[in-house]
Protein chains: 2
Amino acid sequence: MSTDNALVEQDDAEGGLNSQAALGLIGYRLRRAQLSVFQRFLTVFESLALRPAEYSVLVLVDENPGRKQSEIAAALGIKRANFVALAQGLEARGLLERLSVESDRRANALHLTASGRIFLAEARDLHDQLESDFVERLGGESQREQLLALLERLT
Amino acid sequence: MSTDNALVEQDDAEGGLNSQAALGLIGYRLRRAQLSVFQRFLTVFESLALRPAEYSVLVLVDENPGRKQSEIAAALGIKRANFVALAQGLEARGLLERLSVESDRRANALHLTASGRIFLAEARDLHDQLESDFVERLGGESQREQLLALLERLT
DNA sequence: GCAGTTTGTTATACGTGATAACATTCGATG
DNA sequence: CATCGAATGTTATCACGTATAACAAACTGC
């Protein structure tokens with residue numbers, strides 16, 4: 001029952017394990033792909049010292065200037081508590097401004113600084129290259145949209 | 001350049017942020033989908049107190065009995081160092097055996113115990129249900145295979 | 001004005017992945 | 001056989017991401 005025939009790969013060779021079932025798992029492949037993609041992201045963005053989460057914050061703030069921390073955090077699925085250090089870090093680098101709102105003195109309204117916008121443009125270039133590379137791997141733009149649609153349904 | 005017009009959704013409403021670009025990112029969607037899938041996994045497997053990584057180890061060992069720790073770890077993309085506690089945990093629960101190999105006294109050969117096999121059968125049932133649920137969300141078996149193929153290319 | 005809620009914040013804990021160092025053992029080569 | 005390099009399992013440690021609890025300040029609704 002264990003040793004299989006020619007229908008599947010042999011599992012007695014030293015090289016590849018029999019991983020039919022294990023690697024067929026959606027969750028497993030999802031995790032592997034995500035780790036791989038993030039790893040490539042980290043490599044490409046190393047020169048900018050920018051992490052994926054930070055990039056997504058900059059993009060979202062750029063597209064939604066003046067929003068509160070909580071709103072940006074919630075939109076990205078990040079807990080308020082965990083967002084604090086993230087925002088403070090970007091602020092310390094001069095990329096992000098946290099302006100106090102007159103109508104609500106608790107809230108911080110997020111804006112990009114001038115250099116934040118310049119920095120983001122640079123980051124966007126890098127990211128576009130990365131995304132193009134992914135599209136190439138996937139085999140075309142239509143495959144990319146298909147992937148995004150499928151991932152959406154899982155979320 | 002920054003404020004856009006009617007071509008995209010308005011971003012002044014209180015509900016949804018403008019997230020065209022941010023949410024269009026492959027890495028971002030991948031991360032969100034992976035978190036969502038893992039969360040569902042954790043919920044379903046809560047009764048068994050089994051984590052995703054542990055499940056994948058049991059499956060792989062079941063299909064490749066007698067392999068060394070390093071081999072199983074490498075096949076799952078887990079570092080040797082991080083695999084130790086994982087394997088010891090499964091051994092402590094009586095699911096896994098780590099037999100010393102005569103031909104190589106450094107190595108541990110991994111096998112499932114009898115109760116490990118029973119336990120795994122139970123886990124496989126749960127996982128099959130979960131996977132079926134995913135397939136349903138994806139819209140069919142062919143979409144599942146498409147997704148797996150696309151993820152494979154990204155890895 | 002008060003009660004309950006929201007916002008930002010700190011502290012803390014857990015899980016995962018990565019690296020470095022180490023002892024033991026193996027393999028190959030002199 | 002002796003030695004050197006590599007492999008194996010292990011421990012300790014670190015960096016990150018995520019989660020919860022608690023808190024002060026401020027807002028909202030009654």
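Below, chain A is the first sequence line, B the second, and so on; all start at residue 1.
- Between the side chain of R106(A) and the base of dA25(D), no donor-acceptor pair of N or O atoms lies under 3.5 Å.
- Listed pair R105(A) / dC27(D) meets the phosphate criterion, a side-chain N or O lying under 4.0 Å from OP1 or OP2.
- When every heavy atom of A123(A) is checked against every heavy atom of L50(A), the shortest pair comes out as CB-CD2, 4.0 Å.
- For the pair K79(B) NZ and dC14(D) C1', the computed distance is 15 Å after rounding to whole Å.
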Quick one: side chains of residues 82-91 of chain A, donor-acceptor pairs under 3.5 Å with protein atoms, not counting sequence neighbours, listed by atom name and distance.
| residue | atom | partner | partner atom | Å |
| --- | --- | --- | --- | --- |
| E91(A) | OE1 | R98(A) | NE | 3.0 |
| E91(A) | OE1 | R98(A) | NH2 | 3.2 |

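- The separation between K68(B) atom NZ and dT25(C) atom C1' is 11 Å, rounded to whole Å.
- The interatomic distance linking E46(A) (CD) with dA18(C) (C1') rounds to 14 Å, in whole Å.
- Considering I26(A), L154(A), T155(A), L30(A) as possible partners of Q34(B), the one that fulfils the side-chain contact (heavy atoms from CB on, under 4.5 Å) test is L30(A).
- Rounded to whole Å, atom P of dG17(D) lies 17 Å from atom CZ of F38(B).
- Rounded to an integer number of Å, the gap from F45(A) CZ to dC16(D) P is 17 Å.
- Across all strands, L35(B) comes closer than 4.0 Å only to sugar-phosphate atoms, never to a base (heavy-atom distances).
- Checked by distance alone, R80(B) brings a side-chain donor or acceptor within 3.5 Å of a matching partner on the base of dG9(D).
- In terms of modelled atom types and a separation under 3.5 Å, the side chain of D62(B) and the main chain of L58(B) share no donor-acceptor contact.
- Side-chain proximity of R51(B) to the nucleotides dG9(D), dT16(C), dG17(D) is greatest for dT16(C).
- For Q88(A), whose side chain is taken as the heavy atoms from C-beta onward, the closest listed nucleotide among dA20(C), dT9(C), dT5(C) is dT9(C).
- Following rounding to the nearest Å, L110(A) (CG) and dT7(C) (P) show an atom-to-atom distance of 13 Å.
- Using a 30° and 60° split on the angle between ring planes, F45(B) and H127(B) fall in the perpendicular class, above 60°.
- The CG-C1' distance, from L42(A) to dA15(D), rounds to 12 Å in whole Å.
- For the pair P52(B) and A107(A), nearest-nucleotide mapping onto DNA chain C gives the more 5' position to A107(A).
- Toward the 5' end of DNA chain D, the nearer of the two residues E102(A) and A81(B), judged by each one's closest nucleotide, is A81(B).
- Residue A53(A) is classed as having no contact, given no heavy-atom separation below 4.0 Å to the nucleic acid.
- Y28(B) has its OH atom 15 Å from the P atom of dG17(D), to the nearest Å.
- A close approach under 4.0 Å does occur between a side-chain nitrogen or oxygen of Q69(B) and OP1 or OP2 of dT10(D).
- For R31(A), a side-chain nitrogen or oxygen approaches OP1 or OP2 of dG17(C) to under 4.0 Å.
- Projected onto DNA chain C by closest heavy-atom contact, D104(A) and G77(B) fall at different nucleotides, the more 5' of which corresponds to D104(A).
- A donor-acceptor contact under 3.5 angstrom links the side chains of Y28(A) and R32(A), judged on distance only.
- Distance from the side chain of N82(B) is smallest to dA18(C) among dT18(D), dA18(C), dT10(C).
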